[in-house]
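Here is the structure we will look at.
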Amino acid sequence: MTTAHDFEFQAIDGQPLPLTTFKDKVVLVVNTASKCGLTPQYDGLEKLYSTYKDQGLVVLGVPCNQFMGQEPGTDAEIQTFCSTTFGIDFPMTSKVDVKEAGAHPFYKWAEQELGEPAVPVWNFHKILIGKNGEALQAFGPRTEPQDPGLTAAIESAL
């Protein structure tokens with residue numbers, strides 16, 4: 001059986017980032033963008049991460065430029081923006097596609113596992129991955145990081 005742990009991203013600093021790194025952790029995978037109306041969610045995501053990281057939550061930011069070109073920067077520019085503007089401390093990947101034919105294999109797998117709700121329709125779409133790498137639930141872009149349904153799903157998975 002394929003799990004999220006079978007996939008690998010490239011970290012924003014260019015290093016390999018196999019999802020097995022997060023084995024026995026709950027991972028919230030979020031496709032991000034720096035120039036989106038939802039970009040302030042970075043603040044909430046960082047708060048979510050700092051609140052739950054000691055219990056085993058990892059927030060994984062996945063920059064994507066597929067939605068109205070709202071993530072045009074290089075990986076270095078994205079990393080600088082995230083750290084200086086929002087103090088982002090959670091891991092980030094290199095920029096990838098998250099939908100359609102060129103989607104990163106993780107996103108194709110998530111769609112197979114969770115169906116249509118796993119396909120990002122905009123920036124800040126969220127996919128919750130359990131400790132064993134199973135796809136648990138998808139949350140739309142407008143679901144704020146502190147949304148009670150999202151935090152309840154995270155707490156349940158932890």
Side-chain angles (χ1 to χ4, degrees), residues 1-34 36 38-39 41-42 44-67 70-71 75 78-79 82 88-158:
M1 181 178 100
T2 304
T3 72
H5 298 152
D6 294 313
F7 299 97
E8 180 174 306
F9 286 90
Q10 183 176 332
I12 200 159
D13 64 5
Q15 298 300 308
L17 184 61
L19 293 184
T20 53
T21 304
F22 307 122
K23 202 169 185 162
D24 298 323
K25 296 197 179 289
V26 173
V27 184
L28 186 66
V29 182
V30 186
N31 64 296
T32 61
S34 301
C36 174
L38 300 177
T39 300
Q41 282 195 27
Y42 266 130
L45 290 169
E46 182 60 32
K47 285 186 179 118
L48 196 65
Y49 178 60
S50 62
T51 299
Y52 292 103
K53 70 180 176 184
D54 291 341
Q55 295 171 51
L57 175 71
V58 174
V59 173
L60 181 62
V62 182
C64 174
N65 195 40
Q66 283 186 287
F67 302 99
Q70 294 182 342
E71 188 56 276
D75 285 350
I78 294 165
Q79 193 171 22
C82 288
I88 297 304
D89 195 30
F90 56 78
M92 301 275 297
T93 72
S94 284
K95 192 161 51 174
V96 298
D97 283 351
V98 299
K99 64 178 187 144
E100 298 165 352
H104 186 281
F106 167 84
Y107 281 91
K108 292 180 178 180
W109 167 81
E111 180 181 3
Q112 288 175 345
E113 295 294 305
L114 297 172
E116 195 67 28
V119 179
V121 294
W122 200 251
N123 304 308
F124 293 90
H125 181 269
K126 299 155 193 77
I127 298 172
L128 187 63
I129 303 298
K131 292 180 180 180
N132 297 321
E134 69 278 20
L136 297 176
Q137 196 172 350
F139 298 86
R142 297 210 175 271
T143 301
E144 292 286 336
Q146 276 65 44
D147 178 87
L150 176 58
T151 54
I154 289 168
E155 288 172 2
S156 172
L158 289 170

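- Ala33 and Cys64 make their closest contact through CB-O, 4.2 Å (heavy atoms, listed as atom of the first residue, atom of the second, distance).
- Each side chain to side chain donor-acceptor pair (under 3.5 Å) pair with one or both residues in residues 91-102, not counting sequence neighbours, appears once here: Asp75-Ser94.
- Contact of the Ile129 side chain with the Phe106 side chain is registered, since non-hydrogen atoms from C-beta on lie closer than 4.5 Å.
- Closest heavy-atom contact between Trp122 and Leu38: CD1-CD1, 3.8 Å.
- Between atom CG of residue Leu28 and atom CD1 of residue Ile127 there is a gap of 9.0 Å, rounded to the nearest 0.5 Å.
- For Glu144, the side-chain hydrogen bond (donor to acceptor under 3.5 Å, both in side chains) criterion is met by no residue, not counting sequence neighbours.
- Panel note: side chain Gln41, backbone Pro145; no donor-acceptor pair is recorded below 3.5 Å.
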N/O donor-acceptor pairs under 3.5 Å from side chains in residues 4-27, not counting sequence neighbours:
unit_1, atom_1, unit_2, atom_2, d
Asp6, OD2, Thr3, N, 2.8
Asp13, OD1, Gln15, N, 3.0
Thr21, OG1, Pro18, O, 2.6

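- One distance of note links CE of Met92 with CG of Leu60; it measures 8.5 Å at 0.5 Å rounding.
- Between Pro91 and Val58 the shortest side-chain heavy-atom distance falls below 4.5 Å.
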Name the atoms and distances for all side-chain donor-acceptor pairs under 3.5 Å in residues 151-158, with sequence neighbours left out.
unit_1, atom_1, unit_2, atom_2, d
Thr151, OG1, Asp147, O, 3.2
Thr151, OG1, Pro148, O, 3.2
Glu155, OE2, Tyr52, OH, 2.4

Enumerate, atom names and distances included, each donor-acceptor pair closer than 3.5 Å involving a side-chain atom of residues 109-116, sequence neighbours excluded.
unit_1, atom_1, unit_2, atom_2, d
Trp109, NE1, Thr2, O, 3.3

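- Side-chain N or O atoms of Lys108 include one that pairs as donor or acceptor with a backbone N or O of Ala101 at under 3.5 Å.
- Atom-to-atom distance recorded for Tyr42:OH and Phe90:CZ is 6.5 Å, nearest 0.5 angstrom.
- Contact of the His104 side chain with the Val62 side chain is not registered, since no non-hydrogen atoms from C-beta on lie closer than 4.5 Å.
- Looking only at side-chain heavy atoms (C-beta outward), Asn31 and Phe124 stay at 4.5 Å or farther from each other.
- Between the OG1 atom of Thr32 and the CD1 atom of Ile78 there is a distance of 7.0 Å, given to the nearest 0.5 Å.
- Side chain of Asn65 to main chain of Gln70: a donor-acceptor pair is present (N/O by atom type, distance under 3.5 Å, no hydrogens or angles).
- How far SG of Cys36 is from CZ of Phe67: 9.5 Å, rounded to the nearest 0.5 Å.
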Just distance, no hydrogens or angles: give the donor-acceptor pairs under 3.5 Å from side chains in residues 134-143, sequence neighbours left out.
unit_1, atom_1, unit_2, atom_2, d
Glu134, OE1, Asn132, N, 3.0
Thr143, OG1, Gly140, O, 3.3

